[in-house]
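Quick note: residue numbers are just sequence positions, from 1. Because the structure is a prediction, the values reported are computed rather than measured.
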Amino acid sequence: MQWKVFILVLVIAHADGVSSKTKTNRSRKGKFFSIFNIVTFPNDLCNKGNQNQGGVCLSSYECSVAGGQKAGNCAHGFGFCCHFIFKPDSTKISIKKKVSYIQNLNFPATDLAFVDQTISLVPLNENICQIHLDFLQFNLGEGSSLKKPCEKQRFRIKNSKGEQMPFRDLCGRNSGQHLYLPVDDLKLAATIEITTMGNQNQDSGYRWNIKVTQLDCSNKEERKMMTPTGCDQYFRGRSGMLRSFNFDDMGTTTIQYQTNLKYTICLERPTGSCEVVYTRDQNTMMSVGKGGSTEYARCCFDYVSDDKCDNGCGSADCIQEAPSNKSIGDYLLISDGMVKKGPPYSVVHNEHFCGTITPRGEVGVVSQASGPVVMRFVTDEYPGKGDGDELGWSLMYMFQDTCSKISI
């Protein structure tokens with residue numbers, strides 16, 4: 001933690017007239033006293049300015065010299081919450097700031113111009129353990145066709161070794177999403193590549209505002225903001241919404257999630273909770289693998305009003321053998337997942353869920369697994385074949401203090 005010092009010097013001159021018994025020894029001596037008032041404050045995270053955006057607490061001079069924007073006071077008025085904003089005014093940018101924002105050129109307006117930019121995220125010091133990306137605004141085109149998501153405009157993250165991260169390319173609508181990046185190299189944590197094709201093929205434009213926060217392992221408050229090792233996303237709270245990347249919540253069927261995904265979503269378990277229940281978002285169209293399939297059968301129970309079952313579970317529903325002897329299929333892995341049919345609940349002890357993940361209506365998937373609450377989204381190398389396939393998923397989760405009664 002870096003501390004900044006301001007020194008206020010008050011100099012008081014006190015002159016004493018000294019009399020002498022002789023005319024020749026008369027003199028005047030000045031006595032000077034200095035009072036030093038030292039004010040210190042740490043460069044902590046702060047939230048000030050437009051939409052209460054975060055920054056780092058710096059002196060006015062430091063913020064200006066570093067090219068930041070001052071947005072309100074911090075440290076009891078001795079400092080300013082400093083924001084650092086980076087826009088695509090060059091092809092390569094290196095960011096080594098505690099908190100920064102990556103925005104399109106004319107944000108908050110949309111842009112149409114061609115962009116090909118590489119952004120290097122450099123750890124501020126040796127105590128930085130993770131980098132948190134918060135997608136405050138993220139709207140990129142979905143590609144030229146259903147089978148080519150993120151083809152024309154993409155957001156790609158590579159680790160320090162130059163390898164693409166497990167969540168692959170991002171595009172479409174991802175506002176409200178977030179990611180955690182591990183820091184295993186003090187010279188370079190990760191590289192972000194942003195590419196847009198401009199206004200070709202009647203693109204509707206793009207817009208992004210991504211908050212980048214470097215988290216310090218030695219800081220007690222910042223450790224609370226970190227995710228457990230191995231988690232790409234981390235959600236806190238007794239309830240909330242979970243969505244796959246590139247998910248279009250506008251109800252269209254023109255954008256699919258990426259192939260070859262394998263990323264991990266973790267939930268913070270509230271004290272005293274016994275189970276977590278996942279239910280589908282009734283206001284969206286969703287599918288993992290095939291959409292509207294009549295082949296799903298394992299999780300289909302008598303509460304379905306017709307003979308179509310659009311939710312699947314288990315390897316029999318979600319995974320098939322390909323001619324090349326490779327297993328193919330897309331699924332959301334939910335540890336110790338059971339499909340609700342009750343109460344009491346019928347047990348379907350299979351961790352693979354596909355289709356719409358959960359049955360229709362208010363029923364859902366319940367998990368009473370002990371230990372960390374972990375989900376994993378895995379997709380194969382093949383895109384969806386038809387309209388409505390591989391759209392992604394949107395689930396609501398809620399922790400319960402009382403365990404549901406299980407009927408085996």
Side-chain angles (χ1 to χ4, degrees), residues 1-2 4 42-75 79-108 111 115-140 155-160 165 170 174-183 185-194 206-217 219 221-222 225-227:
M1 184 65 68
Q2 184 180 5
K4 298 302 167 192
N43 301 145
D44 284 341
L45 301 178
C46 52
N47 288 286
K48 297 287 183 179
N50 186 31
Q51 297 181 349
N52 205 31
Q53 289 189 341
V56 61
C57 194
L58 298 175
S59 70
S60 175
Y61 174 78
E62 286 176 317
C63 184
S64 298
V65 168
Q69 299 180 8
K70 292 177 286 187
N73 294 110
C74 55
F80 288 88
C81 196
C82 192
H83 296 170
F84 295 94
I85 298 175
F86 295 87
K87 299 192 177 188
D89 53 0
S90 62
T91 57
K92 293 185 178 181
I93 294 177
S94 181
I95 299 179
K96 190 177 181 180
K97 301 294 183 184
K98 183 68 176 176
V99 181
S100 56
Y101 294 84
I102 302 172
Q103 298 177 349
N104 61 288
L105 186 60
N106 292 305
F107 184 84
D111 281 315
V115 171
D116 186 9
Q117 186 177 44
T118 300
I119 303 169
S120 299
L121 302 182
V122 181
L124 188 62
N125 55 55
E126 66 276 6
N127 294 324
I128 301 300
C129 299
Q130 293 180 355
I131 293 181
H132 181 233
L133 302 182
D134 191 359
F135 299 104
L136 304 177
Q137 296 286 337
F138 189 109
N139 193 347
L140 288 176
F155 182 95
R156 176 178 293 175
I157 305 175
K158 295 181 178 179
N159 61 20
S160 59
M165 303 294 276
L170 302 180
N174 288 301
S175 297
Q177 293 276 24
H178 72 274
L179 281 170
Y180 283 88
L181 309 179
V183 175
D185 189 330
L186 297 180
K187 295 181 180 180
L188 177 66
T191 300
I192 296 175
E193 298 175 355
I194 303 177
Y206 54 81
R207 182 172 70 155
W208 63 77
N209 181 24
I210 302 165
K211 180 181 177 182
V212 183
T213 305
Q214 299 195 15
L215 299 176
D216 191 329
C217 287
N219 186 295
E221 293 303 315
E222 292 184 30
M225 302 168 59
M226 295 181 183
T227 182

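Lys97 is linked by a side-chain hydrogen bond (donor to acceptor under 3.5 Å, both in side chains) to nothing, counting only residues two or more places apart in sequence or in another chain. In terms of the side-chain hydrogen bond (donor to acceptor under 3.5 Å, both in side chains) criterion, residue partners of Gln137 (sequence neighbours excluded) are, by chain and number, Arg207. Among residues two or more places apart in sequence or in another chain, the salt bridge (Lys or Arg N to Asp or Glu O under 4.0 Å) test is passed with Glu126 by none.
Classification of the His132-His178 ring pair by plane angle, with boundaries at 30° and 60°, yields tilted. In this pair, Phe138 and Phe135 present their aromatic rings perpendicular. The plane angle is above 60°, beyond the 30 to 60° band.
Of the possible polar contacts, none joining the Asn174 side chain to the Gln177 backbone as a donor-acceptor pair under 3.5 Å is found. A donor-acceptor pair under 3.5 Å is absent between the side-chain atoms of Asn43 and the main chain of Leu58, judged by distance alone. Between the side chain of Gln214 and the main chain of Val122, a donor-acceptor pair closer than 3.5 Å is present. Side chain of Asn104 to backbone of Trp208: a donor-acceptor contact under 3.5 angstrom is found.
A 4.5 Å side-chain heavy-atom check between Ile119 and Phe86 finds every atom pair outside the cut-off. The shortest distance between side-chain heavy atoms of Tyr180 and Ile131 does not fall below 4.5 Å. Within the 4.5 Å cutoff, no side-chain heavy atoms of Asp134 are placed close to those of Thr213.
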Residue pair Leu136, Ile210: steps toward the side-chain contact (heavy atoms from CB on, under 4.5 Å) verdict
CA-CA 6 Å; Leu136 304 177; Ile210 302 165; over 6 Å; no
Ser120 vs Lys92, test: side-chain hydrogen bond (donor to acceptor under 3.5 Å, both in side chains). Steps then yes/no.
CA-CA 8 Å; Ser120 299; Lys92 293 185 178 181; over 6 Å; no
Step by step, work out the side-chain contact (heavy atoms from CB on, under 4.5 Å) result for Leu121 and Ile192.
CA-CA 8 Å; Leu121 302 182; Ile192 296 175; 4.0 Å; yes
I would like to know whether Cys63 and Cys82 meet disulfide bond (SG atoms under 2.5 Å apart); could you show each step before the answer?
CA-CA 6 Å; Cys63 184; Cys82 192; 2.0 Å; yes
Set out, in order, the CA-CA distance, both residues' side-chain angles and the distance that settles side-chain contact (heavy atoms from CB on, under 4.5 Å) for Tyr101 and Val212, then state yes or no.
CA-CA 6 Å; Tyr101 294 84; Val212 183; over 6 Å; no
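Rounding to the nearest 0.5 Å gives a distance of 7.0 Å between CG of Leu215 and CD1 of Ile128. The CG atom of Asn127 sits 7.5 Å away from atom SG of Cys217, with the distance rounded to the nearest 0.5 Å. In this structure, Glu221 CD and Asp216 CG are separated by 12.0 Å, a value rounded to the nearest 0.5 Å. Distance check: Arg156 CZ to Ile194 CD1 gives 12.5 Å after rounding to the nearest 0.5 Å. From Leu181, atom CG reaches atom CD1 of Ile157 across 5.5 Å, with rounding to the nearest 0.5 Å. For the atom pair CD1 (Ile102) and CG (Asn209), the distance works out to 9.5 Å, reported to the nearest 0.5 Å.
In this model, Cys57 has its SG atom within less than 2.5 Å of the SG atom of Cys74.
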